[in-house]
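The sequence lines fix the lettering, A, B, ..., with proteins before strands; numbering per chain opens at 1. Values reported hereafter were calculated over all heavy atoms of this structure, with side chains retained and with hydrogens, waters and symmetry mates removed.
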Number of protein chains: 2
Amino acid sequence: MDDRIAAGRFAALAHPTRLSVFRRLMQAGPDGLAAGVLAEALDVAPNNLSAHLNTMSQAGLIEARREGRSRIYVVRMETTAATVGFLIEDCCQGHPDICDVVTRQPEPVGI
Amino acid sequence: MDDRIAAGRFAALAHPTRLSVFRRLMQAGPDGLAAGVLAEALDVAPNNLSAHLNTMSQAGLIEARREGRSRIYVVRMETTAATVGFLIEDCCQGHPDICDVVTRQPEPVGI
DNA sequence: AAATCACTTCAACACTCGTTGAATTGAAAT
DNA sequence: ATTTCAATTCAACGAGTGTTGAAGTGATTT
(Lines give C-alpha, C1' and ligand atoms only; values in the text may rest on other atoms or scores of the structure.)
Protein backbone atom coordinates (compact mmCIF):
# COMPACT_ATOMS: atom_id res chain seq x y z
CA MET A 1 0.00 0.00 0.00
CA ASP A 2 1.14 3.46 -0.97
CA ASP A 3 1.09 6.56 1.22
CA ARG A 4 -0.94 8.37 -1.40
CA ILE A 5 -3.52 5.66 -1.73
CA ALA A 6 -3.91 5.31 2.02
CA ALA A 7 -4.12 9.09 2.41
CA GLY A 8 -6.82 9.09 -0.23
CA ARG A 9 -8.78 6.54 1.77
CA PHE A 10 -8.52 8.63 4.90
CA ALA A 11 -9.59 11.69 2.93
CA ALA A 12 -12.65 9.73 1.91
CA LEU A 13 -13.43 9.28 5.60
CA ALA A 14 -12.53 12.84 6.51
CA HIS A 15 -15.98 14.33 6.15
CA PRO A 16 -18.81 14.12 8.68
CA THR A 17 -21.36 13.03 6.11
CA ARG A 18 -19.10 10.46 4.50
CA LEU A 19 -17.97 9.14 7.84
CA SER A 20 -21.51 8.58 9.06
CA VAL A 21 -22.37 6.95 5.74
CA PHE A 22 -19.42 4.64 6.09
CA ARG A 23 -20.29 3.72 9.65
CA ARG A 24 -23.89 2.96 8.71
CA LEU A 25 -22.65 0.73 5.92
CA MET A 26 -20.20 -0.91 8.30
CA GLN A 27 -23.06 -1.63 10.66
CA ALA A 28 -25.25 -2.87 7.84
CA GLY A 29 -22.63 -5.39 6.77
CA PRO A 30 -22.78 -7.35 3.49
CA ASP A 31 -26.48 -6.54 3.00
CA GLY A 32 -25.52 -2.94 2.43
CA LEU A 33 -27.92 -0.02 2.12
CA ALA A 34 -29.60 1.76 -0.78
CA ALA A 35 -28.49 5.29 -1.60
CA GLY A 36 -32.02 6.50 -0.98
CA VAL A 37 -32.20 4.91 2.44
CA LEU A 38 -28.94 6.57 3.40
CA ALA A 39 -30.04 9.93 2.05
CA GLU A 40 -33.21 9.88 4.13
CA ALA A 41 -31.63 8.42 7.24
CA LEU A 42 -28.88 11.00 7.29
CA ASP A 43 -30.94 13.84 5.86
CA VAL A 44 -28.61 14.62 2.98
CA ALA A 45 -29.62 15.82 -0.49
CA PRO A 46 -29.52 12.90 -2.93
CA ASN A 47 -27.15 14.57 -5.37
CA ASN A 48 -24.89 15.58 -2.55
CA LEU A 49 -24.88 12.08 -1.15
CA SER A 50 -24.24 10.67 -4.58
CA ALA A 51 -21.09 12.73 -4.86
CA HIS A 52 -19.92 11.48 -1.48
CA LEU A 53 -20.67 7.87 -2.32
CA ASN A 54 -18.71 8.34 -5.51
CA THR A 55 -15.74 9.70 -3.59
CA MET A 56 -15.75 6.70 -1.29
CA SER A 57 -16.16 4.26 -4.16
CA GLN A 58 -13.21 5.70 -6.03
CA ALA A 59 -11.15 5.52 -2.86
CA GLY A 60 -11.94 1.81 -2.74
CA LEU A 61 -13.72 1.88 0.59
CA ILE A 62 -17.15 0.88 -0.70
CA GLU A 63 -18.72 -0.60 -3.79
CA ALA A 64 -22.18 -0.61 -5.33
CA ARG A 65 -24.48 -3.12 -6.91
CA ARG A 66 -27.76 -2.52 -8.64
CA GLU A 67 -30.97 -3.97 -7.24
CA GLY A 68 -34.05 -2.97 -9.18
CA ARG A 69 -34.21 0.80 -9.14
CA SER A 70 -31.95 1.10 -6.18
CA ARG A 71 -28.21 1.14 -5.92
CA ILE A 72 -26.95 -0.79 -2.90
CA TYR A 73 -23.69 0.25 -1.32
CA VAL A 74 -21.47 -2.07 0.70
CA VAL A 75 -18.20 -1.66 2.58
CA ARG A 76 -15.18 -3.32 1.04
CA MET A 77 -13.84 -5.04 4.10
CA GLU A 78 -10.45 -6.04 2.72
CA THR A 79 -9.40 -2.55 1.71
CA THR A 80 -10.75 -1.14 4.95
CA ALA A 81 -8.75 -3.66 6.94
CA ALA A 82 -5.65 -3.03 4.85
CA THR A 83 -5.93 0.71 5.41
CA VAL A 84 -6.27 0.46 9.18
CA GLY A 85 -3.47 -2.08 9.23
CA PHE A 86 -1.23 0.22 7.23
CA LEU A 87 -1.79 3.02 9.71
CA ILE A 88 -0.62 1.11 12.75
CA GLU A 89 1.95 -1.07 11.03
CA ASP A 90 5.14 -1.94 12.93
CA CYS A 91 4.00 0.02 15.94
CA CYS A 92 6.20 0.75 18.92
CA GLN A 93 9.39 -0.90 17.65
CA GLY A 94 8.17 -4.37 18.47
CA HIS A 95 6.86 -3.59 21.94
CA PRO A 96 3.22 -4.31 21.26
CA ASP A 97 2.16 -4.03 24.87
CA ILE A 98 2.46 -0.28 24.54
CA CYS A 99 0.15 0.10 21.58
CA ASP A 100 -2.15 -2.66 22.74
CA VAL A 101 -5.02 -0.20 22.91
CA VAL A 102 -4.78 0.41 19.20
CA THR A 103 -4.21 -3.09 17.86
CA ARG A 104 -6.85 -4.80 19.94
CA GLN A 105 -10.28 -3.61 18.96
CA PRO A 106 -13.23 -4.19 21.31
CA GLU A 107 -14.89 -7.54 20.70
CA PRO A 108 -18.03 -7.16 18.59
CA VAL A 109 -21.42 -8.15 19.94
CA GLY A 110 -22.09 -11.87 20.00
CA ILE A 111 -18.81 -13.37 21.14
CA MET B 1 -16.99 10.50 20.03
CA ASP B 2 -18.57 12.88 17.55
CA ASP B 3 -18.72 12.47 13.78
CA ARG B 4 -17.08 15.84 13.38
CA ILE B 5 -14.23 15.11 15.72
CA ALA B 6 -13.57 11.72 14.16
CA ALA B 7 -13.75 13.22 10.67
CA GLY B 8 -11.25 15.82 11.81
CA ARG B 9 -8.89 13.07 12.88
CA PHE B 10 -9.17 11.32 9.55
CA ALA B 11 -8.58 14.63 7.80
CA ALA B 12 -5.39 14.92 9.80
CA LEU B 13 -4.32 11.58 8.33
CA ALA B 14 -5.55 12.40 4.85
CA HIS B 15 -2.33 13.81 3.50
CA PRO B 16 0.66 11.82 2.27
CA THR B 17 3.16 13.81 4.31
CA ARG B 18 1.09 13.73 7.48
CA LEU B 19 0.33 10.07 7.06
CA SER B 20 3.98 9.13 6.72
CA VAL B 21 4.79 11.33 9.71
CA PHE B 22 2.14 9.59 11.74
CA ARG B 23 3.35 6.14 10.75
CA ARG B 24 6.91 7.00 11.64
CA LEU B 25 5.74 8.21 15.02
CA MET B 26 3.67 5.10 15.44
CA GLN B 27 6.73 3.00 14.74
CA ALA B 28 8.85 5.10 17.07
CA GLY B 29 6.45 4.54 19.94
CA PRO B 30 6.60 6.47 23.22
CA ASP B 31 10.14 7.68 22.53
CA GLY B 32 8.77 9.80 19.74
CA LEU B 33 10.81 11.74 17.20
CA ALA B 34 12.10 15.30 16.98
CA ALA B 35 10.57 17.59 14.37
CA GLY B 36 13.98 18.03 12.79
CA VAL B 37 14.54 14.31 12.48
CA LEU B 38 11.19 13.90 10.78
CA ALA B 39 11.84 16.83 8.44
CA GLU B 40 15.11 15.35 7.27
CA ALA B 41 13.92 11.75 7.12
CA LEU B 42 10.90 12.66 5.02
CA ASP B 43 12.55 15.49 3.11
CA VAL B 44 9.97 18.11 3.98
CA ALA B 45 10.60 21.82 4.56
CA PRO B 46 10.68 22.52 8.31
CA ASN B 47 7.98 25.19 8.18
CA ASN B 48 5.80 22.97 6.09
CA LEU B 49 6.27 20.06 8.44
CA SER B 50 5.57 22.30 11.38
CA ALA B 51 2.19 23.17 9.93
CA HIS B 52 1.40 19.51 9.44
CA LEU B 53 2.48 18.59 12.96
CA ASN B 54 0.29 21.39 14.23
CA THR B 55 -2.67 20.03 12.29
CA MET B 56 -2.21 16.59 13.79
CA SER B 57 -1.71 17.96 17.29
CA GLN B 58 -4.92 19.94 17.12
CA ALA B 59 -6.73 16.88 15.89
CA GLY B 60 -5.54 15.09 19.00
CA LEU B 61 -3.56 12.42 17.20
CA ILE B 62 -0.14 13.43 18.47
CA GLU B 63 1.37 15.59 21.16
CA ALA B 64 4.69 17.31 21.72
CA ARG B 65 7.14 17.72 24.53
CA ARG B 66 10.21 19.87 24.66
CA GLU B 67 13.62 18.29 25.04
CA GLY B 68 16.44 20.78 24.90
CA ARG B 69 16.21 22.59 21.58
CA SER B 70 14.12 19.90 20.05
CA ARG B 71 10.44 19.31 20.09
CA ILE B 72 9.60 15.64 20.38
CA TYR B 73 6.36 14.40 18.91
CA VAL B 74 4.54 11.29 20.08
CA VAL B 75 1.39 9.48 19.01
CA ARG B 76 -1.53 9.69 21.40
CA MET B 77 -2.45 6.03 21.51
CA GLU B 78 -5.80 6.40 23.26
CA THR B 79 -7.29 8.83 20.79
CA THR B 80 -5.89 6.84 17.90
CA ALA B 81 -7.47 3.68 19.25
CA ALA B 82 -10.75 5.46 19.91
CA THR B 83 -10.84 6.79 16.36
CA VAL B 84 -10.22 3.43 14.74
CA GLY B 85 -12.73 1.86 17.11
CA PHE B 86 -15.33 4.46 16.22
CA LEU B 87 -14.92 3.70 12.54
CA ILE B 88 -15.67 0.00 12.79
CA GLU B 89 -18.10 0.17 15.70
CA ASP B 90 -21.04 -2.26 15.75
CA CYS B 91 -19.93 -3.81 12.50
CA CYS B 92 -22.01 -6.30 10.56
CA GLN B 93 -25.08 -6.32 12.82
CA GLY B 94 -23.44 -8.57 15.35
CA HIS B 95 -22.00 -11.07 12.90
CA PRO B 96 -18.35 -10.41 13.62
CA ASP B 97 -17.09 -13.32 11.55
CA ILE B 98 -17.84 -11.26 8.45
CA CYS B 99 -15.76 -8.27 9.40
CA ASP B 100 -13.10 -10.35 11.10
CA VAL B 101 -10.51 -8.99 8.68
CA VAL B 102 -11.07 -5.51 9.99
CA THR B 103 -11.31 -6.09 13.71
CA ARG B 104 -8.36 -8.41 14.01
CA GLN B 105 -5.16 -6.61 13.24
CA PRO B 106 -2.02 -8.60 12.39
CA GLU B 107 -0.04 -9.48 15.50
CA PRO B 108 2.90 -7.14 15.99
CA VAL B 109 6.46 -8.44 16.00
CA GLY B 110 7.52 -10.18 19.16
CA ILE B 111 4.46 -12.20 20.15
C1' DA C 1 25.86 39.27 25.32
C1' DA C 2 26.14 37.56 20.61
C1' DA C 3 25.78 33.89 17.53
C1' DT C 4 23.74 29.75 16.23
C1' DC C 5 20.50 26.07 16.00
C1' DA C 6 15.62 24.16 16.15
C1' DC C 7 11.41 25.17 15.19
C1' DT C 8 7.21 27.98 14.66
C1' DT C 9 4.32 31.81 12.98
C1' DC C 10 2.76 34.91 9.46
C1' DA C 11 0.96 36.59 4.99
C1' DA C 12 -0.17 35.50 0.34
C1' DC C 13 -0.88 32.78 -3.43
C1' DA C 14 -2.87 28.96 -6.19
C1' DC C 15 -5.59 25.09 -5.89
C1' DT C 16 -8.94 21.74 -4.36
C1' DC C 17 -13.32 20.52 -2.18
C1' DG C 18 -18.29 20.74 -0.91
C1' DT C 19 -22.70 22.41 -1.88
C1' DT C 20 -26.47 23.84 -4.72
C1' DG C 21 -29.91 23.75 -8.47
C1' DA C 22 -30.92 22.07 -12.96
C1' DA C 23 -30.62 18.60 -16.35
C1' DT C 24 -29.96 13.53 -17.37
C1' DT C 25 -29.88 8.50 -17.21
C1' DG C 26 -31.90 4.09 -15.96
C1' DA C 27 -35.48 1.04 -14.34
C1' DA C 28 -40.22 -0.05 -13.18
C1' DA C 29 -45.28 0.75 -13.44
C1' DT C 30 -49.48 2.23 -15.90
C1' DA D 1 -45.22 4.65 -25.07
C1' DT D 2 -45.54 7.62 -21.12
C1' DT D 3 -45.14 8.58 -16.49
C1' DT D 4 -42.90 8.11 -12.22
C1' DC D 5 -39.34 6.98 -9.07
C1' DA D 6 -34.21 6.37 -7.97
C1' DA D 7 -30.07 8.07 -8.49
C1' DT D 8 -26.28 10.36 -10.96
C1' DT D 9 -24.04 14.05 -13.67
C1' DC D 10 -23.03 18.77 -14.73
C1' DA D 11 -21.69 23.68 -14.10
C1' DA D 12 -20.70 27.26 -10.95
C1' DC D 13 -19.93 29.51 -6.87
C1' DG D 14 -17.86 30.19 -2.14
C1' DA D 15 -14.95 28.31 1.42
C1' DG D 16 -11.19 25.84 3.02
C1' DT D 17 -6.31 23.75 2.41
C1' DG D 18 -1.27 23.34 1.24
C1' DT D 19 2.92 25.51 -0.01
C1' DT D 20 6.29 29.07 -0.05
C1' DG D 21 9.45 32.64 1.65
C1' DA D 22 10.35 35.80 5.28
C1' DA D 23 10.24 37.06 9.95
C1' DG D 24 10.04 35.70 14.81
C1' DT D 25 10.60 32.86 19.26
C1' DG D 26 13.10 29.93 22.45
C1' DA D 27 17.04 27.44 23.92
C1' DT D 28 22.04 26.21 23.83
C1' DT D 29 26.95 27.47 23.01
C1' DT D 30 30.96 30.47 23.06
Undergrad: According to side-chain hydrogen bond (donor to acceptor under 3.5 Å, both in side chains), does anything in residues 73-84 of chain B pair up with another residue at least two apart or in another chain? List the pairs.
TA: R9(B)-T83(B)
Undergrad: By the 4.0 Å heavy-atom rule, please label S70(A) as base, sugar-phosphate, or nothing.
TA: sugar-phosphate
Undergrad: Measuring from R18(A):CZ to D3(B):CG, what's the distance to the nearest 0.5 Å?
TA: 12.5 Å
Undergrad: Whole Å only: how far is the CZ atom of R71(B) from the C1' atom of dT25(D)?
TA: 10 Å
Undergrad: If you assign A34(B) and A14(A) each to the DNA chain C nucleotide with the nearest heavy atom, which residue ends up on the more 5' nucleotide?
TA: A34(B)
Undergrad: Could you give the CD-to-C1' distance, from E40(A) to dA6(D), as a whole number of Å?
TA: 13 Å
Undergrad: Could you tell me the separation between the CD atom of Q58(B) and the P atom of dG18(D), rounded to a whole number of Å?
TA: 12 Å
Undergrad: Closest approach to the side chain of H15(B), judged atom by atom: which nucleotide of dT8(C), dT19(D), dT8(D) is it?
TA: dT19(D)
Undergrad: Taking the nucleotide of DNA chain D with the closest heavy atom to each, which residue, A51(A) or R18(B), is nearer the 5' end?
TA: A51(A)
Undergrad: Measuring from L25(A):CG to C91(B):SG, what's the distance to the nearest 0.5 Å?
TA: 13.0 Å
Undergrad: Take the protein atom CG of N47(A) and the nucleotide atom P of dT19(C), then report the distance between them rounded to whole Å.
TA: 10 Å
Undergrad: Atom CZ of R65(A) to atom P of dA7(D): distance rounded to whole Å?
TA: 13 Å
Undergrad: Look at the side chain of Y73(A) and decide which nucleotide, out of dT8(D), dT19(C), dC7(C), has an atom nearest to it.
TA: dT8(D)
Undergrad: Answer with base, sugar-phosphate or nothing: what part of the nucleic acid does R69(B) contact at a heavy-atom distance below 4.0 Å?
TA: base
Undergrad: With heavy atoms under 4.0 Å as the rule, sort A39(A) into base, sugar-phosphate or nothing.
TA: nothing
Undergrad: Could a donor-acceptor pair under 3.5 angstrom be found where the side chain of N48(B) meets the base of dG18(D)?
TA: no
Undergrad: Show your reasoning for whether salt bridge (charged side-chain N to carboxylate O under 4.0 Å, His left out) applies to E67(B) and R65(B).
TA: CA-CA 7 Å; E67(B) 212 164 90; R65(B) 65 170 188 270; 3.1 Å; yes
Undergrad: Between dA7(D), dC7(C), dT9(C), which nucleotide gets closest to the side-chain atoms of N54(B)?
TA: dT9(C)
Undergrad: Does the plane of the ring in F10(B) sit parallel, tilted or perpendicular to the ring in F10(A)? Use 30° and 60° as the thresholds.
TA: parallel
Undergrad: Just how far, in rounded Å, is C1' of dT17(D) from CZ of F10(A)?
TA: 19 Å
Undergrad: Between dT8(D), dG26(C), dG18(D), which one does the side chain of L53(A) approach most closely?
TA: dT8(D)
Undergrad: NE2 of H52(B) versus C1' of dG18(D): gap in Å, rounded?
TA: 6 Å
Undergrad: What is the distance from CG of L42(B) to P of dT19(D), rounded to the nearest Å?
TA: 13 Å
